[in-house]
Amino acid sequence: MKVRCCIVGGGPAGMMLGYLLGRAGIDVVVLEKHADFFRDFRGDTVHPSTLEVMDELGLIDGFLKLPHQRLQKMDGLLGGTPVRIADLSRLHTKYPFIAFMPQWDFLNFLREAGRRFPSLEVMMSTEAIELIRRGETIAGVRAKTRDGIIDIEADLTIACDGRHSTVRERAGLSVEEIGAPMDVLWFRAGRKPDETENVFTRVEPGKMMITFDRGEYWQCAYVIAKGQCDAVKARGLSALLDDVVRMAPILRSGIAEVKSFDDVKLLTVAINRLTRWTQPGLLCIGDAAHAMSPIGGVGVNLAVQDAVATANLLADKLQHGCPSEHELDAIRRRRAFPVKMTQAMQVVVQNNIISGALQGGDRLLKVPLVVRLITALPWLQGIPARLLALGVRPEHVHSRAVPQS
């Protein structure tokens, strides 16, 4: 099999880039190792920056018909003190809200929308296991399918296969670890139709939790100190759920749905980035190039921004073969600043709120001055809202669209 571009990984970066390159008439294949997109731990916060991209592609009306919830005001409790972290309704943007949507719905939507592009193929149950090399150049991938091993030759291979990227590892690209002080226990609690609450984040000495109203259930993220999952399990499920209900009494009626630790999944948090995103014939984007903390739920949106920038810079060049490594590195030069700034802001939150909260003890948890100011002065709430909603240097679709017959 020979294609112009082989994208490894059918997550937000891979499916969005596949759609954009297919739209531009590039012969492209997207490889997804699973048979479907249904996965736990996939981010489901779709920010205004991504909604604007969907609008620019003419997909927004159908997209927003999918089941989703909307969030504008981000309220929290820090040591029992009510705070407001951000208010997206203050933004002068077309979609001033965060849409909570299962990521599998987002990815399925892109796959279905891309079917009208004859140059785009999405291959499910197809796992890249090795790189094909011609001298120093990456010339495609060897993949495992249900029917056996196949070789996919490509002028350009793009790794979108996540923070545990096989392609990145096979290429020998080095990762700069920035670190995170926490991991997350992820679970669902039942929700009654009349249950409602605006509190998004709860922080107490030694404990932190985030709750998302997902309509039929509460999605819960219980934050623990890095590497403490075994200690939490040793205390027992009842002790964990008692802590959860004390922090969020709204969960009392639905917490019975968590019947064992099999219903509680560990999300290992990492912040890292590649120092080099390319080799001849190879480019890494999305989580394969930079793993983000779940702080702010920005991972999906950074991946989409990478995909848009990649299509903007490379689609025309791909018409004529593989861009040079210098041309491929234009993606890193374009996207490294937003990635570094976003990660730096996540580290500030880690160091000033999360690390202190997870230390525990009997001390009084004080609300940081900047959070007190944002809560007290509503006009300030638009500043973190903009950083959260649109990010640093948001991308817009400039890649061409080939008319479809």
Side-chain angles (χ1 to χ4, degrees), residues 45 71 73-87 179-191 195-214 217-258 261 263-269 293-297 345-376 381 384 388:
T45 53
L71 176 69
K73 295 177 175 61
M74 300 186 70
D75 296 332
L77 290 170
L78 269 65
T81 302
V83 297
R84 174 159 291 170
I85 303 165
D87 183 355
M182 75 284 194
D183 291 325
V184 174
L185 299 178
W186 194 251
F187 59 93
R188 296 181 179 185
R191 178 187 177 276
E195 288 180 338
T196 182
E197 188 172 66
N198 294 325
V199 178
F200 181 73
T201 303
R202 297 167 172 84
V203 183
E204 296 178 3
K207 301 180 181 66
M208 179 175 179
M209 191 170 71
I210 297 170
T211 53
F212 307 85
D213 181 351
R214 297 309 309 271
Y217 61 91
W218 296 99
Q219 184 68 66
C220 306
Y222 188 85
V223 183
I224 61 175
K226 175 67 70 177
Q228 291 301 302
C229 183
D230 287 343
V232 172
K233 288 184 176 180
R235 291 180 61 221
L237 183 65
S238 294
L240 170 63
L241 299 186
D242 286 346
D243 285 344
V244 166
V245 171
R246 276 196 295 271
M247 292 186 75
I250 191 88
L251 302 179
R252 186 178 304 277
S253 64
I255 203 67
E257 292 192 6
V258 184
F261 273 112
D263 298 319
V264 181
K265 308 300 182 182
L266 173 66
L267 174 60
T268 302
V269 177
S293 164
I295 294 170
M345 287 185 282
Q346 291 181 328
V347 169
V348 167
V349 174
Q350 287 183 173
N351 293 345
N352 290 277
I353 297 178
I354 297 176
S355 292
L358 294 179
Q359 288 176 5
D362 297 327
R363 61 191 174 76
L364 181 66
L365 186 64
K366 295 183 179 180
V367 179
L369 175 60
V370 65
V371 177
R372 297 203 304 269
L373 288 173
I374 291 171
T375 301
Q381 294 163 16
L388 181 70

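Residue pairs meeting the side-chain hydrogen bond (donor to acceptor under 3.5 Å, both in side chains) criterion with at least one partner in residues 244-257, sequence neighbours excluded, are E195-S253, D243-R246. For the salt bridge (charged side-chain N to carboxylate O under 4.0 Å, His left out) condition, no pair includes a residue of residues 348-359, sequence neighbours left out.
Partners of T211 by side-chain hydrogen bond (donor to acceptor under 3.5 Å, both in side chains), not counting sequence neighbours, listed by chain and number: R202. In this structure, F187 has no ring pair (Phe, Tyr, Trp, His ring centres under 6.0 Å) partners at least two apart in sequence or on a different chain. For D75, the salt bridge (Lys or Arg N to Asp or Glu O under 4.0 Å) test picks out R84, with sequence neighbours left out. By the side-chain hydrogen bond (donor to acceptor under 3.5 Å, both in side chains) test, K73 is found to be paired with no residue, residues two or more places apart in sequence or in another chain being considered. Remark: L185 engages Y222, I224, C229, V232, L240, V264, L266 in a side chain to side chain contact (heavy atoms under 4.5 Å, CB included) (not counting sequence neighbours). Residues passing the side chain to side chain contact (heavy atoms under 4.5 Å, CB included) test with T201, sequence neighbours excluded: I85, V203, M208, I210. Residues passing the salt bridge (Lys or Arg N to Asp or Glu O under 4.0 Å) test with K233: none are found, sequence neighbours excluded. Under the side chain to side chain contact (heavy atoms under 4.5 Å, CB included) criterion, D213 pairs with R191, W218, sequence neighbours left out.
Rounding to the nearest 0.5 Å places CG of L71 at 9.0 Å from CG of N198. Between atom SG of residue C220 and atom CG of residue L241 there is a gap of 10.0 Å, rounded to the nearest 0.5 Å.
With hydrogens and angles disregarded, a donor-acceptor distance shorter than 3.5 Å links the side chain of Q346 to the backbone of I295.
Other residues, nucleotides and ligands contribute more than 12 heavy atoms inside 6.0 Å of the CG atom of D263.
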